[in-house]
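Remarks on the structure that follows.
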Protein chains: 2
Amino acid sequence: MTDTAAPSENRYIVPALAQGLGILSLFGGENRSFTAPEIAKALSLPRTKVFRLLQTLQSMDYVRCDEDKRHFTLGPALLRGGFEYLASLDMVEVAQPILQRLRDETGLSSHMAIRDKREIVYVARFPARSTIASSVNIGTRFPAHATIMGRMTIFEMDDKELAALFGKEPLVRFTPQTPVSLKALKALLAQDRARGYAVSQAFFEAGVSAIAAPVRDGTGKVAAAINVTAVNAHIDEQAMHGALKDAVLNAASEISRWLARKS
Amino acid sequence: MTDTAAPSENRYIVPALAQGLGILSLFGGENRSFTAPEIAKALSLPRTKVFRLLQTLQSMDYVRCDEDKRHFTLGPALLRGGFEYLASLDMVEVAQPILQRLRDETGLSSHMAIRDKREIVYVARFPARSTIASSVNIGTRFPAHATIMGRMTIFEMDDKELAALFGKEPLVRFTPQTPVSLKALKALLAQDRARGYAVSQAFFEAGVSAIAAPVRDGTGKVAAAINVTAVNAHIDEQAMHGALKDAVLNAASEISRWLARKS
DNA sequence: CGTCACTGTTCCATTAGTGAAACGACAGTT
DNA sequence: AACTGTCGTTTCACTAATGGAACAGTGACG
């Protein structure tokens with residue numbers, strides 16, 4: 001599911017570090033615990049090295065092992081990095097009140113996400129008051145090509161960058177509308193670029209509509225995306241491209257302006 | 001502030017991995033960005049190795065570098081680990097509704113924390129509705145010796161374990177009531193053990209009262225702690241050792257029972 | 001405008017981390 | 001019980017990661 005740790009074709013890579021981090025990124029989703037041999041097979045590393053890497057990770061509390069001494073799970077040291085990173089993101093702090101206002105104005109759930117390789121990660125959210133709270137928690141990851149927020153984070157990339165990101169592995173289909181070829185994705189991105197925002201037509205999840213807009217940092221580069229989401233039944237096409245679109249775009253550019261002021 | 005990456009006296013440690021993770025744990029609090037030489041000095045590593053470690057971390061998006069190519073900040077890959085870890089904690093899922101009920105019953109903010117070395121980390125919380133929301137966010141870290149939740153997570157340790165944890169570095173004082181010697185801490189722990197819960201007398205933050213109780217996993221080992229907090233003015237000594245104590249203890253044992261059922 | 005200190009990057013001999021083989025321990029199978 | 005497979009752990013020869021020295025590029029300072 002998640003991207004396997006790609007060692008990447010860099011000249012100055014420290015294998016031990018890359019492999020150790022590779023172990024950590026094995027965990028995720030349903031995979032909550034591994035044995036040493038399982039890890040060795042998954043990463044095709046020698047048994048003995050996995051043993052030493054695990055010893056190192058364990059001694060620093062990045063992983064823990066059960067009483068049976070065989071199964072390893074993630075450890076609390078990971079929270080150090082993860083939350084320090086969230087706290088370091090100025091944009092989350094800046095966006096918080098604006099997202100809240102967007103939620104209150106539209107009555108819909110508002111979210112903010114950043115891109116990590118081929119995925120987007122939710123970093124802030126305000127669930128709609130009325131309906132059932134959106135099940136999207138902070139930290140949730142979705143494929144970038146299949147979500148409009150994802151497309152917002154890549155819609156100013158040139159062909160070379162896009163090829164580097166999506167050229168290797170095929171684009172996974174989630175709904176009939178999901179773009180599965182680089183050409184189809186580029187067509188959508190061109191449309192997004194022209195509009196400056198995007199409206200979801202169930203590219204990722206059927207029955208869920210959304211409007212997303214890009215957030216730019218001080219240099220003008222797209223740094224994140226925000227959106228509002230609703231179930232299809234509760235929203236009409238007119239409003240999406242009208243007042244709702246304006247609300248999202250305004251919120252996005254307001255966040256961008258605050259970010260520019262910071263740098 | 002945060003514990004520097006302790007290589008620990010293990011026989012099978014992979015330095016490159018430990019040092020790379022050491023770089024990541026340099027970040028935190030006010031330290032949002034570092035240059036390569038700064039890192040080299042902080043960890044007393046050769047310039048050339050820091051360079052390669054950073055290249056590796058960067059290629060995997062654990063760190064990013066600014067446009068000036070000099071300053072490094074944390075990267076989005078860290079969210080992978082951090083949130084996968086939170087999601088892997090069954091106890092958070094189990095505790096959520098019980099903490100919410102505890103908050104509603106008592107009218108106070110309820111929290112849950114786990115221990116990471118000498119610190120506790122907040123992993124769940126329900127802020128009080130009435131008063132100003134508690135400023136303690138998920139991921140927040142406090143010293144274990146100076147908080148009653150911290151003491152709950154260590155109050156069944158024997159002398160050897162305590163010495164290993166707290167013997168090296170001195171205990172920092174936060175208020176006049178904070179235990180600053182191992183002896184003083186042990187006295188408090190003995191008291192905690194006798195009672196089975198703890199009441200804060202401003203050990204960490206002046207003006208804030210709290211009641212904490214331990215949560216045990218399937219094996220009976222203390223795995224976490226929960227508490228409720230309030231400002232002193234809003235609470236009287238009687239209630240703290242009476243009904244309030246019972247509510248917290250009941251919630252804690254309820255969570256423990258659910259955890260036992262899982263294993 | 002040269003000097004100096006400091007940076008990011010590269011090279012290369014040397015050492016330190018590595019992987020295959022091997023050990024004892026355990027569990028399942030015949 | 002002996003056999004087979006797999007596990008965690010240890011050892012050791014040898015390969016690969018390492019750290020010092022050296023390079024070029026930057027900005028500071030007199």
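Quick note on labels: first sequence line is chain A, next is B, and so on, each numbered from 1.
For B:Leu99 against B:Met112, the heavy-atom pair with the smallest separation is CD1-CB, 3.7 Å. What you find for A:Ala224 and A:Thr153 is that their closest heavy atoms are C-CG2, 4.2 Å.
Partners of B:Glu156 according to the side chain to side chain donor-acceptor pair (under 3.5 Å) rule, which considers only residues two or more places apart in sequence or in another chain, are B:Arg216. For B:Asp159, the salt bridge (Lys or Arg N to Asp or Glu O under 4.0 Å) test picks out B:Lys186, with sequence neighbours left out. A search for salt bridge (Lys or Arg N to Asp or Glu O under 4.0 Å) contacts involving A:Arg32 returns B:Asp90, not counting sequence neighbours. Partners of A:Glu161 by salt bridge (Lys or Arg N to Asp or Glu O under 4.0 Å), not counting sequence neighbours: none found.
Ring pair A:His111/A:Tyr122 is perpendicular by interplanar angle, where above 60° counts as perpendicular and below 30° as parallel. Using cut-offs of 30° and 60° on the angle between ring planes, the pair B:His145 and B:Phe174 is tilted.
Along DNA chain D, the nucleotide nearest to A:Arg52 and the one nearest to A:Ala16 differ in position, and the one closer to the 5' end is contacted by A:Arg52. Comparing B:Arg47 and B:Leu53 by the nucleotide of DNA chain D that holds the closest heavy atom to each, the one mapping nearer the 5' end is B:Leu53. Where A:Leu45 and B:Lys41 meet DNA chain C, the nucleotide closest to each residue was compared, and B:Lys41 sits on the side nearer the 5' end.
First and last contacts of DNA chain C with chain B, using any nucleotide atom under 4.0 Å from a protein heavy atom and ordered 5' to 3', fall at C:dT7 to C:dT18. Bounding nucleotides for the chain B contact on DNA chain D, 5' to 3', at a heavy-atom distance below 4.0 Å, are D:dT10 to D:dA22.
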